[in-house]
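Worksheet: the structure to be examined is printed underneath.
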Amino acid sequence: MNAPLSYTVVDIVGSPFVAIWRPEDGSVCAAGFLAVPSDLESSRLTVPDAPAATAGPGGNHGSTAISRAQVVSDPLWHRLTTSDPGLAGRGLATKPVTSGAVPDALRAYADGDLTAIDSIAVAQQETPFRGEVWRALRRVPAGDAVTYTTLAALAGRPAAVRAAASGCATNLVALIVPCHRIVRADGGLGGYLFGTAVKHRLLTHEGALG
């Protein structure tokens with residue numbers, strides 16, 4: 001099937017979050033926080049044809065309109081193009097999807113149902129161990145934050161701490177495959193592709209930080 005990839009944009013912890021998936025099976029192949037100017041992050045997110053914003057523990061779902069052009073010019077789309085050129089070659093749908101399994105689950109998560117994203121199917125290019133790391137990440141529940149050492153053990157190779165860290169760094173499906181739940185052994189947040197401020201807000205939203 002060569003239909004364009006579907007996408008949605010949802011405000012999560014105060015920043016626009018995009019998820020891109022295969023329409024034929026609903027598997028998310030790329031997801032992350034959009035790189036938008038800081039002065040736009042604090043305003044309400046509006047997406048064409050989106051349902052009315054709702055308020056909840058995760059904040060409202062609304063900021064500056066995010067266009068399809070912004071999505072395809074974002075580093076996330078470039079990462080997908082690099083990792084899976086054939087899939088990215090299908091292009092992106094002309095309009096975002098505003099209701100259905102993926103957007104509904106993301107909005108529920110933003111509103112405080114932290115397990116809502118656990119059932120979202122994902123599909124990204126993997127090596128055998130990298131795939132185990134990503135599956136181990138999905139077993140770390142919201143509200144927990146574990147170290148790379150613990151993640152390596154969960155993935156079945158306790159000594160492969162650096163490989164586990166590499167698995168986090170190459171994860172293309174942020175939040176749903178929750179690499180933000182990995183912290184340093186000394187208690188520090190550690191790095192995060194979308195910035196430590198976003199990581200801190202996510203962990204606070206999930207209850208892992210006070």
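All residue numbers refer to positions in the sequence shown, counting from 1. Since this is a predicted model, take the numbers as computed values, not measurements.
- In this structure, Leu202 CG and Thr196 OG1 are separated by 11.5 Å, a value rounded to the nearest 0.5 Å.
- Checking side-chain atoms of Arg90 against main-chain N and O of Ala3 turns up a donor-acceptor pair under 3.5 Å.
- Heavy-atom minimum distance, Ala116 versus Ala108: CB-CB, 3.6 Å.
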*asked:* Run Leu175 and His180 through side chain to side chain contact (heavy atoms under 4.5 Å, CB included) and show every step you take.
replied: CA-CA 7 Å; Leu175 183 66; His180 65 278; 3.8 Å; yes
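- Grouping the Ile, Leu, Val, Met, Phe, Trp and Tyr side chains by contacts below 4.5 angstrom, directly or via other members, places Val146 with Leu114.
- Remark: Leu34 CG to Ser15 OG distance equals 9.5 Å, nearest 0.5 Å.
- Summarising the geometry, atom NZ belonging to Lys199 is positioned 11.0 Å from atom CG belonging to Leu193; distances are rounded to the nearest 0.5 Å.
- Nearest heavy atoms, Ser6 versus Pro23: OG-CB, 3.5 Å.
- Residues Asp84 and Leu172 have side chains not in contact (no heavy-atom distance under 4.5 Å, counting atoms from C-beta outward).
- Atom CZ of Phe17 and atom CD1 of Ile176 lie 5.0 Å apart (nearest 0.5 Å).
- With a 4.5 Å cut-off on side-chain heavy atoms, Gln70 and Trp77 do not count as touching.
- For the pair Val198 and Ile12, the minimum side-chain heavy-atom distance is 4.5 Å or more.
- With Arg68 contributing its side chain and Leu92 its backbone, the two residues share a donor-acceptor pair below 3.5 Å.
- Annotation: side chain of Asp74 is not in contact with side chain of Val18 (no heavy-atom distance under 4.5 Å).
- Counting heavy atoms from C-beta outward, Leu203 and Val183 have side chains that approach closer than 4.5 Å.
- Of all the heavy atoms in Pro16 and Val9, the pair that sits closest is CB-CG1, 4.0 Å.
- Interatomic distance, SG of Cys29 versus OH of Tyr7, reported as 14.0 Å (0.5 Å rounding).
- Of all the heavy atoms in Leu137 and Pro178, the pair that sits closest is O-CG, 3.3 Å.
- Residues satisfying the ring pair (Phe, Tyr, Trp, His ring centres under 6.0 Å) criterion with Tyr192, sequence neighbours excluded, are Phe194.
- At a threshold of 4.5 Å between non-hydrogen side-chain atoms, the residues Cys168 and Leu151 count as touching.
- A 4.5 Å side-chain heavy-atom check between Arg184 and Leu189 finds every atom pair outside the cut-off.
- Closest approach of Pro96 and Thr8 over heavy atoms only: CB-CA, 4.3 Å.
- At least one side-chain heavy atom of Trp21 sits under 4.5 Å from a side-chain heavy atom of Val97.
- Sorted by first then second residue, the salt bridge (Lys or Arg N to Asp or Glu O under 4.0 Å) pairs that include residues 112-129, not counting sequence neighbours, are Glu126-Arg135.
- Across all non-hydrogen atoms, the minimal contact from Val28 to Ala19 is CG1-CB, 4.4 Å.
- Using a 4.0 Å cut-off between a side-chain N of Lys or Arg and a carboxylate O of Asp or Glu, Glu132 and Arg157 do not qualify as a salt bridge.
- To the nearest 0.5 angstrom, Asp104 atom CG is 14.0 Å from Ile117 atom CD1.
- If you check the side chains of Gln124 and Asn171, you find a donor sitting under 3.5 Å from an acceptor.
- Cluster membership for Leu209 and Val140, using ILVMFWY side-chain heavy atoms within less than 4.5 angstrom, is not shared.
- Remark: side-chain polar atoms of Ser166 are not paired, donor with acceptor, to backbone N or O of Arg162 under 3.5 angstrom.
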*Show the numbers, then the answer: is there a side chain to side chain contact (heavy atoms under 4.5 Å, CB included) between Thr170 and Trp134?*
CA-CA 10 Å; Thr170 55; Trp134 294 334; 3.9 Å; yes
*Test side chain to side chain contact (heavy atoms under 4.5 Å, CB included) on Val122 and Arg138 and set out the steps.*
CA-CA 11 Å; Val122 300; Arg138 299 202 78 183; 3.8 Å; yes
